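One structure below.
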Amino acid sequence: MAKGSKKDSADLQGSSLMPEIRKHYFLDEYCIIAAERRKRPSDFMRAKSPAKDEKSCPFCPGNEDMTPPSVAVYTDQGVLVDGPVKIRSWKMRVFPNLFAAMVPSPTPPTTEWIALPGHGHHEVIVDSPLHNDAPADFSQEHMELLLKAYQDRYANYCGLDGVKYVSIFKNWGEEAGASLSHTHTQLVTLPIVPPLIKRELEAASSATFCLFCNIAERERASSRLVAQNDGWILIAPFYSQVPYETWILPRRHMSNLAQMDDDDRRDLAAILSHALRCIRSLLNDPPYNYMIYQLASNYHLNIRIQPYLSKIAGFEKGTGIHINSVPPEQAAAELRSRLPKG
Ligand SMILES: [Zn+2]
Ligand SMILES: [Zn+2]
């Protein structure tokens with residue numbers, strides 16, 4: 001018995017390192033088991049370990065050898081790729097995540113219940129060469145380049161064999177899930193359409209119009225509008241799960257970032273900067289996540305920003321229903337008051 005359990009634990013260690021997508025016993029819901037991610041470094045635990053700085057930060061210029069070779073480096077000379085000698089002078093740098101939630105060649109999954117191999121790609125986009133830079137401080141040009149990188153990386157994976165969904169998201173601040181403080185974005189591809197998007201598509205299938213175009217039009221005329229420009233609107237949505245949640249929607253129907261033209265990108269950079277600055281100014285630089293929802297076609301691109309102000313607790317976990325203590329109408333008014341004048 002003791003012998004058996006020892007062998008089991010060895011097997012477990014060997015097989016559990018490869019990511020695996022496990023399906024709920026009977027619902028169309030999934031979780032990803034990715035033990036490798038436990039080894040991620042963190043520079044947030046300053047009390048326990050020496051504070052990390054530019055010298056030991058794997059995302060800082062000069063430390064490129066601490067990360068896998070890049071797949072794209074945005075420089076003054078255009079988009080390049082690392083050769084045997086890594087590029088040291090860059091504006092943004094994209095490379096595979098060492099602690100991936102999805103990998104290109106996973107081992108076969110567990111045979112109990114239903115599991116899929118965690119087949120996919122997981123990238124880090126280092127948004128800025130400056131260790132202490134904040135997305136809310138990015139210049140218009142810098143934000144446009146970041147969106148260009150998102151467009152490029154999305155286009156690189158969209159339609160690739162085995163890629164059903166491309167998730168692009170930012171975790172800002174430790175509480176919002178960032179393990180390193182140096183500003184970065186992540187991209188994870190999935191071999192399935194996530195249930196959340198699937199449910200949206202199901203709801204949309206019986207409508208004769210685009211649900212998001214309709215939301216954009218109606219919210220634009222509501223007290224929940226925070227800002228708008230020629231291409232985009234920023235709203236505190238009627239259905240807000242968390243205090244000061246905001247959504248950015250294109251006014252023109254488009255399914256994904258790759259469909260943006262130069263004007264769209266310029267306007268999105270402006271409105272995303274507005275959103276991040278208003279949130280920082282009003283809420284004292286809170287941790288936040290932003291998530292980009294998009295599909296290859298038949299979808300309406302949207303970006304959701306959720307500041308991390310309250311914890312997800314028992315009621316939310318027990319019912320799936322969020323309690324939000326700030327009415328979105330009030331959130332919109334407060335955020336509007338932080339917009340630059342003029
Ligand atoms: Zn750094
Ligand atoms: Zn639409």
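Because the structure is predicted, anything quoted here is derived from the model rather than measured. What you see below is based on every heavy atom in this structure, not just the backbone, and it leaves out hydrogens, waters and symmetry mates. First listed ligand is number 1; within each ligand, the first listed atom is number 1.
Ring geometry, Y299 versus F212: the interplanar angle exceeds 60°, so the pair is classed perpendicular (tilted spans 30 to 60°). The aromatic rings of Y290 and Y288 lie parallel to each other, their planes meeting at an angle below 30°, with 60° marking the opposite boundary.
Rounding to the nearest 0.5 Å gives a distance of 13.5 Å between SG of C213 and CZ of R218.
Taking the ring centre of Y30 as origin, the terminal cationic atom of R22 falls outside the region bounded by 6.0 Å and 45° from the ring axis.
In summary, the aromatic rings of Y25 and W113 are positioned with their centroids under 6.0 Å apart.
With D137 as reference, R280 is the one residue of R277, R280, H142 to meet the side chain to side chain donor-acceptor pair (under 3.5 Å) rule.
With a 4.5 Å cut-off on side-chain heavy atoms, L98 and T67 do not count as touching.
Each protein N/O/S atom under 2.8 Å from the Zn ion (ligand 2) was counted, for a total of 4.
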request  = Before giving the answer on salt bridge (charged side-chain N to carboxylate O under 4.0 Å, His left out), spell out for K91 and E144 the whole-Å C-alpha distance, their side-chain angles and the decisive distance to 0.1 Å.
outcome  = CA-CA 12 Å; K91 294 176 175 173; E144 283 184 43; over 6 Å; no

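Around the Zn ion (ligand 1), the protein contributes the following N, O or S atoms under 2.8 Å, ordered by chain and number: C57 SG, C60 SG, H131 ND1, H182 ND1.
K86 NZ: more than 12 foreign heavy atoms inside a 6.0 Å radius.
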